[in-house]
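Below you'll find the structure, written out as structure tokens, and then a few comments.
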Amino acid sequence: MKKVKIYTDGSCPKNPGRGGYATLLIYETETIELTGTEEDSTNNRMEIMGVISGLEALGEPHQVEIC
């Protein structure tokens with residue numbers, strides 16, 4: 001089974017308000033960057049959306065480490 005590390009962070013300076021997240025998927029020799037924003041969100045929602053976007057990007061089963 002392939003292994004991947006997912007590094008993620010989310011932020012929303014004014015809760016609720018405009019927020020965003022960034023996610024890095026790191027395979028053996030490849031790195032994929034994902035980002036997203038929402039106009040009406042919270043910090044907690046952006047944190048979890050970063051994880052969700054990383055998991056959704058996997059096209060097949062992987063052994064995942066989320067950081």
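In this text the structure is predicted, and so the values were computed from the model without any measurement. Just so you know, residue 1 is the first one in the sequence shown, and it goes up from there.
- Hydrophobic clustering, with ILVMFWY side chains joined whenever heavy atoms are under 4.5 angstrom apart, keeps Leu24 apart from Tyr21.
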Q: Using the side-chain contact (heavy atoms from CB on, under 4.5 Å) rule, take Ile26 and Val4 through it: C-alpha gap first, then chi angles, then the decisive distance, then the call.
A: CA-CA 6 Å; Ile26 301 178; Val4 63; 5.7 Å; no
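- Residue Pro16 comes nearest to Asp40 through the heavy atom pair CB-OD1, 3.8 Å, listed as atom of the first residue, atom of the second, then distance.
- At least one donor-acceptor pair under 3.5 Å links the side chain of Thr8 to the backbone N or O of Ala22.
- Side-chain atoms of Ser53 come within 3.5 Å of backbone atoms of Gly50 as a donor-acceptor pair (strictly under, hydrogens ignored).
- Taking the side chain as every heavy atom from C-beta outward, Lys2 and Gln63 never approach each other to under 4.5 Å.
- Rounded to the nearest 0.5 Å, atoms OG1 (Thr23) and CD (Glu56) are 10.5 Å apart.
- His62 places a side-chain heavy atom less than 4.5 Å from the side chain of Tyr27.
- Leu55 is listed as a side-chain neighbour of Val64, based on a closest heavy-atom distance under 4.5 Å.
- For the pair Thr31/Leu25, no side-chain contact is recorded, criterion being any heavy-atom separation below 4.5 Å from C-beta on.
- Expressed to the nearest 0.5 Å, how far CD of Glu65 lies from OH of Tyr7 amounts to 6.5 Å.
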Q: Run the numbers on Glu38 and Arg18 for salt bridge (charged side-chain N to carboxylate O under 4.0 Å, His left out), then give the verdict.
A: CA-CA 6 Å; Glu38 293 199 20; Arg18 184 172 187 190; over 6 Å; no
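- Expressed to the nearest 0.5 Å, how far CE of Met46 lies from SG of Cys12 amounts to 7.0 Å.
- To the nearest 0.5 Å, the span separating CD on Glu47 from CD1 on Ile52 amounts to 12.0 Å.
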